[in-house]
Visitor: 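I'd like to ask some things about the structure below.
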Protein chains: 2
Amino acid sequence: MGEDKTYTISDLAREFAVTTRTIRFYEEKGLLSPSRNGQHRIFGKQDHARLELILRGKRAGLSLEESREIIDMYDPEGDNYKQYQFLLTKVDERQAQLESQLEDIKLLIKGLQEVRERCTRALNDIARPRAAKQ
Amino acid sequence: MGEDKTYTISDLAREFAVTTRTIRFYEEKGLLSPSRNGQHRIFGKQDHARLELILRGKRAGLSLEESREIIDMYDPEGDNYKQYQFLLTKVDERQAQLESQLEDIKLLIKGLQEVRERCTRALNDIARPRAAKQ
DNA sequence: GGGCAAGTTTACGTTAACGTCAACTGGTCA
DNA sequence: TGACCAGTTGACGTTAACGTAAACTTGCCC
């Protein structure tokens, strides 16, 4: 039951397709905090989860700082009323921002779909011109 | 009818809340191409539209290069069959990427909603503790 | 025990996307 | 005419997010 799965740095690098340099960099920035066996890093389940979130944030276009802010919401430090109250407003802010970003992406997709339509129409016109030469 | 609206650099800067430096930088990178009156820049409707797309792309987390690629799809240069064929596959690629990005954002939002629930539950527990001291 | 792979630290390099001067050029308005 | 804009070019500075290279340690295999 105490079999907490661990990972080496190259385990994680392979699984998430990043370089070991990247992982060390994330640690340097305080985004990951592996324990040590001698001088070798040992990553646990939490680091695994955090890395996943970081990369998801990256794909979503967030900076590391923004990702960190979100990730830190997952394991809050204090446990008093004000803390949670504050965290709630933070969550709301982030969520609002993400949703507006989501709208922007939807608009971009919509725009591309119009381009696509104009494009296929143009292809049709080439295939069978609307106004034949008579 | 020929009243093509134009903008000065600070018109655009104001409207889109960016600095003039940013706009010049975008021109330098070939994303905008204003005409000139002497040495002063004159921006037209197309530049206006392009700037809007650039900033939308930015908010969506795209790099300038990625935005440029998308924007360039709006006014294709060639007009032959292969061009459109190629453009169509490009559009598809971009769209797929944007949609996966959209999924990542949805996941982030979902995650935050869980945090929110844990958070409000914790707040409730503080207000009226589940296990009273007996 | 010699070499090899995997890991470590330190340090400098790089790219994107601007910010921040500095020095100059026209207009215009009192 | 002189002062004050808005605008221009040019150059260097800055931050984020790693890449890359060098020099070293450690465990393991033959």
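So you know, we letter chains A, B, ... as the sequences are listed, proteins then strands, and number each from 1. What you are looking at is a predicted structure, and each value in this text was computed from that prediction instead of being measured.
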Visitor: Please determine whether a side-chain nitrogen or oxygen atom of B:Tyr26 lies at a distance below 4.0 Å from atom OP1 or OP2 of C:dA17.
Guide: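 For B:Tyr26, the contact criterion (side-chain N or O under 4.0 Å from OP1 or OP2 of C:dA17) is not met.
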Visitor: Each nucleotide N or O in nucleotides 5-8 of chain C that has a protein N or O under 3.5 Å away: list the pair and distance.
Guide:
{"unit_1": "C:dG7", "atom_1": "OP1", "unit_2": "A:Thr8", "atom_2": "OG1", "d": "3.4"}
{"unit_1": "C:dG7", "atom_1": "OP1", "unit_2": "A:Ser10", "atom_2": "OG", "d": "2.4"}
{"unit_1": "C:dG7", "atom_1": "OP2", "unit_2": "A:Ser10", "atom_2": "OG", "d": "2.9"}
{"unit_1": "C:dT8", "atom_1": "OP1", "unit_2": "A:Arg41", "atom_2": "N", "d": "2.8"}
{"unit_1": "C:dT8", "atom_1": "OP1", "unit_2": "A:Arg41", "atom_2": "NE", "d": "2.9"}
{"unit_1": "C:dT8", "atom_1": "OP2", "unit_2": "A:Arg24", "atom_2": "NE", "d": "3.3"}
{"unit_1": "C:dT8", "atom_1": "OP2", "unit_2": "A:Arg24", "atom_2": "NH2", "d": "3.2"}

Visitor: Could you tell me the separation between the CG atom of A:Leu55 and the P atom of D:dA17, rounded to a whole number of Å?
Guide: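 In whole Å, D:dA17 P lies 13 Å from A:Leu55 CG.
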Visitor: Check the pair B:Arg59 / B:Glu52 against salt bridge (charged side-chain N to carboxylate O under 4.0 Å, His left out), numbers first and verdict last.
Guide: CA-CA 11 Å; B:Arg59 287 193 306 268; B:Glu52 190 173 358; over 6 Å; no
Visitor: Quick one: is A:Thr19 getting a side-chain N or O under 4.0 Å of the D:dG19 phosphate, OP1 or OP2?
Guide: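 For D:dG19, OP1/OP2 do have a side-chain N/O of A:Thr19 under 4.0 Å.
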Visitor: Distance check needed: C:dA16 C1' versus B:Glu28 CD, whole Å only.
Guide: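 It works out to 12 Å between those atoms.
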Visitor: Give the B/S/- string for nucleotides 10-15 of chain D, one per nucleotide from 5' to 3', where a protein heavy atom under 4.0 Å of the base yields B, of only the sugar-phosphate yields S, and otherwise -.
Guide: -B----
Visitor: A:Phe25 has an atom CZ; how far is it from atom C1' of C:dT10, in whole Å?
Guide: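 Taking atom C1' of C:dT10 as the reference, CZ of A:Phe25 is at 15 Å.
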Visitor: Using OP1 and OP2 only, check whether a side-chain N or O of B:Thr22 sits under 4.0 Å from C:dG19.
Guide: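 Yes, within the criterion.
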Visitor: Set out, in order, the CA-CA distance, both residues' side-chain angles and the distance that settles salt bridge (charged side-chain N to carboxylate O under 4.0 Å, His left out) for A:Lys90 and A:Glu93, then state yes or no.
Guide: CA-CA 5 Å; A:Lys90 279 281 198 175; A:Glu93 281 173 29; 5.1 Å; no
Visitor: Would you say B:Leu88 and B:Ile71 are hydrophobically clustered, going by side-chain heavy atoms of ILVMFWY under 4.5 Å?
Guide: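 As far as the 4.5 Å side-chain criterion goes, B:Ile71 and B:Leu88 are not connected within one cluster.
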Visitor: For D:dA16 and A:Lys29 - does any side-chain N or O of the residue sit under 4.0 Å from the phosphate oxygens OP1/OP2?
Guide: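 The answer is no; no side-chain N or O of A:Lys29 sits under 4.0 Å from OP1 or OP2.
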Visitor: Would you call the rings of B:Phe16 and B:His48 parallel, tilted or perpendicular if under 30° counts as parallel and over 60° as perpendicular?
Guide: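 B:Phe16 vs B:His48 ring planes: tilted.
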Visitor: Atom CD1 of B:Ile54 to atom P of C:dA17: distance rounded to whole Å?
Guide: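 In whole Å, C:dA17 P lies 11 Å from B:Ile54 CD1.
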Visitor: Rounded to whole angstrom units, what separation is found between the CD atom of A:Glu27 and the P atom of D:dC18?
Guide: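 After rounding, the gap between these two atoms is 15 Å.
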Visitor: How long is the straight-line distance from CD of A:Gln95 back to CE of A:Met73, given to the nearest 0.5 Å?
Guide: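 If I round to the nearest 0.5 Å, the distance is 10.0 Å.
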